[in-house]
A.B. asks: 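The structure under discussion is supplied below as structure tokens; questions concerning it will follow.
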Amino acid sequence: MECRPYMRILIAFAVIVASASPALAQAFANAKSSVANYSVADSAPKKTCESLSTFKGKDIVAIQARVVPATADTPQHCRVVGTISPEVAFEINLPDRWNQRFYMTGNGGLAGDALDGPTNPDRTSALTNGFVMARTNTGHDARKEPSGSFILSNPQKAIDYAYRAVHVTAETAKAVATDYYSQPIKFSYWNSCSNGGRQGLLEAQRFPDDFDGIVANAPWVDQTGFTIGAIWNQKALSEAPVSLDKMKLVADKAMAKCDEVDGLKDGLIDDPRKCSFDPVRDVPACQAGADTADCLTPAQAAALNKVYGGPVSNGKPFFPGFMVGSEALNAGPNGVTATGWANAIVAAQPGAKPADFNLAEGVMRYLVLDPPQPEYDTMKLDYDHAAKTVERWSKLADAKETDLSKFRKSGGKLIMTYGWADQILQPLMGVKYYENVVAKNGKDTTEFVRLFMVPGMAHCGGGVGPDRNDAVTAVIDWVEKGTAPEQLIASKVTDGKVVRTRPLCPYPQVARYKGQGSIDEAANFSCVAPR
């Protein structure tokens, strides 16, 4: 198969607040950070942009097309917008010079994204590099139907959100592109984070021919398990509130205990599972009757252990908890340092809902419960019946199917990434899913699926560790050149400068210091089997 020139995209894990949920962020490609030569192919449109307004496609109920003039950042292109029955809004962007590739991204949280914004980093990077780019709101408008309330107007919207909208949008975009350029798409790629990662996995599981290469960053593999976990955490921390000042203390003690477990003091916890941090034992306990910022009460320490341990059902673990290091201190705006759990797991103000719980409450009330119960008191959830409670929605929305044989047969390649310090989604849901995929598909699973864990990275980016990497180029190389990624180089950028690089290794391998040179340079580390 002939290999066309293609882009090199440096993934910039920018935390973008999704319109449907402040909890989940989106990972976007940044064409301005191109790290290799790339030239756009010479394929040009064979018809006018405006003519696409008459395009007829399956279930399309509305469609418009217009030429968008070039800007300082984005070349001139044709933008097609429309609706697939019942309310799946889509946007397709077609460059004047096309590289015969298709690129699609997903949604954060419960989606419902507004597609009419003037700027979009994905759109810019894709068009600059000659890709046809598409996206969808998954069938509802979160400005009109916030959280999971979209199901109240039409039950079909739940199916569209769960998995259908991405598939029908991809099919429509490919058909429009083929018509516009009078030639088919050669390669199709998916790149997204969080709920977008879940969408990517579901594409591989349900529609294995839609994409040749998929990058699923911090995938929300188990939406229903997360929901039970977030409610569990909120109940624990409501009964024994832990202030953000106390969380700073916890973060300091956790880093002090776990940093050097991997043999290197570098401000990173390489694999949190290797450290037995316990707030009861490792954080100063308050004197009886006291509750100051420099200690934890017994109830507070127990509550934190519930967050680290995860929910329990019938005396057995039901879902993973959060990893030690996810609470690490990060420098924020104006130099203010805050724990990673601030606003995500621990409310910033008394009475406020942290993002994880806010999202989980919407999933539980509208999507898990049948019929929906908008006023359901999640604090009354019966954990011993949790599996039965979530069973129906799990079959629709969870991306837990491990048989990827059809995706493999189609030639598909899948790269997953996850930050060990993710404070929104529990990293072990990604690790456990990958391990189950290997168990199902055999020892040679690494020929088409690889997982890269990122020490110190928070949700989709941020955190104390190197959080930027180029998984998109890696998956393109894998699909088009047969070159499997042996490592990804991650970088940490501060004030516009790269201050640290590290190799990310295919799980279960880990990066280990060679013993010489700067610990801030990736070249001084190698990927080895864990001890």
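Numbering of residues begins at 1 and proceeds along the displayed sequence.
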A.B. asks: Excluding sequence neighbours, so at least two apart, what forms side-chain hydrogen bond (donor to acceptor under 3.5 Å, both in side chains) with Asn441?
C.D. replies: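 For Asn441 there are no side-chain hydrogen bond (donor to acceptor under 3.5 Å, both in side chains) partners, ignoring immediate neighbours.
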A.B. asks: Under the ring pair (Phe, Tyr, Trp, His ring centres under 6.0 Å) test, which residues partner Trp341, sequence neighbours left out?
C.D. replies: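 For Trp341, the residues satisfying ring pair (Phe, Tyr, Trp, His ring centres under 6.0 Å) (neighbours in sequence not counted) are Tyr308.
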A.B. asks: Test of understanding: with side-chain hydrogen bond (donor to acceptor under 3.5 Å, both in side chains), list the residues that count as partners of Asp141, not counting sequence neighbours.
C.D. replies: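 Once residues adjacent in sequence are excluded, the partners of Asp141 under the side-chain hydrogen bond (donor to acceptor under 3.5 Å, both in side chains) criterion are Arg143.
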A.B. asks: Can you list the residues that meet the ring pair (Phe, Tyr, Trp, His ring centres under 6.0 Å) rule with Tyr161, with sequence neighbours excluded?
C.D. replies: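 Expected list: Phe150.
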A.B. asks: Any side-chain donor paired with an acceptor under 3.5 Å for Glu435 and Tyr507?
C.D. replies: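 Yes, a side-chain donor-acceptor pair sits under 3.5 Å.
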A.B. asks: I need the minimum non-hydrogen distance between Gly430 and Leu451, along with the two atoms involved.
C.D. replies: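 Where Gly430 meets Leu451 most closely, the heavy atoms are O-CD2, 4.3 Å.
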A.B. asks: With sequence neighbours left out, which residue pairs that include part of residues 483-492 fulfil the salt bridge (charged side-chain N to carboxylate O under 4.0 Å, His left out) condition?
C.D. replies: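 For residues 483-492, and leaving out neighbouring residues, the salt bridge (charged side-chain N to carboxylate O under 4.0 Å, His left out) pairs sorted by first residue read Arg450-Glu486.
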A.B. asks: Can Glu391 and Lys388 be counted as an ion pair, charged N to O under 4.0 angstrom?
C.D. replies: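 Salt bridge between Glu391 and Lys388, a charged N being under 4.0 Å from a carboxylate O: yes.
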A.B. asks: Who are the salt bridge (charged side-chain N to carboxylate O under 4.0 Å, His left out) partners of Arg135, not counting sequence neighbours?
C.D. replies: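 Residues passing salt bridge (charged side-chain N to carboxylate O under 4.0 Å, His left out) with Arg135: Glu91.
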A.B. asks: Side chains of Ser153 and Glu145: is there a donor and an acceptor less than 3.5 Å apart?
C.D. replies: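 Judged by distance alone, the side chains do pair up.
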A.B. asks: For Gly148 versus Leu367, what's the shortest heavy-atom pair and its separation?
C.D. replies: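 Minimum heavy-atom contact is O-CD2, 4.5 Å.
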A.B. asks: Ignoring hydrogens, what is the shortest heavy-atom contact between Met104 and Val166? Give both atom names and the distance.
C.D. replies: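 For Met104 versus Val166, the nearest heavy atoms are CE-O, 3.8 Å.
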A.B. asks: What closest approach, in Å, do Pro503 and Cys527 show between heavy atoms, and which atom pair accounts for it?
C.D. replies: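 Pro503 and Cys527 have their closest heavy atoms at CB-SG, 4.5 Å.
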A.B. asks: Filter on side chain to side chain donor-acceptor pair (under 3.5 Å), then keep only pairs touching residues 363-373, sequence neighbours left out; what's left?
C.D. replies: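 Applying side chain to side chain donor-acceptor pair (under 3.5 Å) to every pair that reaches into residues 363-373, excluding sequence neighbours, yields Glu361-Arg365.
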A.B. asks: Distance alone, cut at 3.5 Å: any donor-acceptor contact between the side chains of Gln183 and Ser43?
C.D. replies: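 Short answer, yes.
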A.B. asks: Can you sort out the partners of Asn154 under side-chain hydrogen bond (donor to acceptor under 3.5 Å, both in side chains), two or more places apart, ordered by chain and number?
C.D. replies: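 Scan of Asn154 (side-chain hydrogen bond (donor to acceptor under 3.5 Å, both in side chains), adjacent residues dropped) gives none.
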A.B. asks: If you compare all heavy atoms of Gly108 against all heavy atoms of Asn195, which two are closest, and at what distance to 0.1 Å?
C.D. replies: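 Nearest heavy atoms, Gly108 then Asn195: C-CB, 3.9 Å.
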A.B. asks: In terms of side-chain geometry, is the basic nitrogen of Arg101 or Glu480 positioned less than 4.0 Å from the acidic oxygen of its partner?
C.D. replies: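 Yes.
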A.B. asks: Salt bridge (charged side-chain N to carboxylate O under 4.0 Å, His left out) with Asp59: which residues, sequence neighbours excluded?
C.D. replies: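 Once residues adjacent in sequence are excluded, the partners of Asp59 under the salt bridge (charged side-chain N to carboxylate O under 4.0 Å, His left out) criterion are Arg164.
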A.B. asks: Within the side chain of Trp478, is there an N or O that forms a donor-acceptor pair under 3.5 Å with the backbone of Pro485?
C.D. replies: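 The answer is no, because no donor-acceptor pair under 3.5 Å joins these two groups.
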A.B. asks: Enumerate the salt bridge (charged side-chain N to carboxylate O under 4.0 Å, His left out) contacts for residues 404-426, please, sequence neighbours excluded, ordered by first and then second residue.
C.D. replies: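 Only Arg408-Asp444, Arg408-Glu447 qualify under salt bridge (charged side-chain N to carboxylate O under 4.0 Å, His left out).
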A.B. asks: Can you name the side-chain hydrogen bond (donor to acceptor under 3.5 Å, both in side chains) partners of Asp212, sequence neighbours left out?
C.D. replies: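 With sequence neighbours excluded, Asp212 shows a side-chain hydrogen bond (donor to acceptor under 3.5 Å, both in side chains) to no residue whatsoever.
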A.B. asks: At their closest point, which heavy atom of Leu404 faces which heavy atom of Leu414, and how far apart are they?
C.D. replies: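 The pair with the smallest heavy-atom distance is CD1-CD2, 4.3 Å.
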A.B. asks: Is there any disulfide (SG to SG under 2.5 Å) pair reaching into residues 75-127, and which pairs are they, with sequence neighbours excluded?
C.D. replies: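 The answer is Cys49-Cys78.
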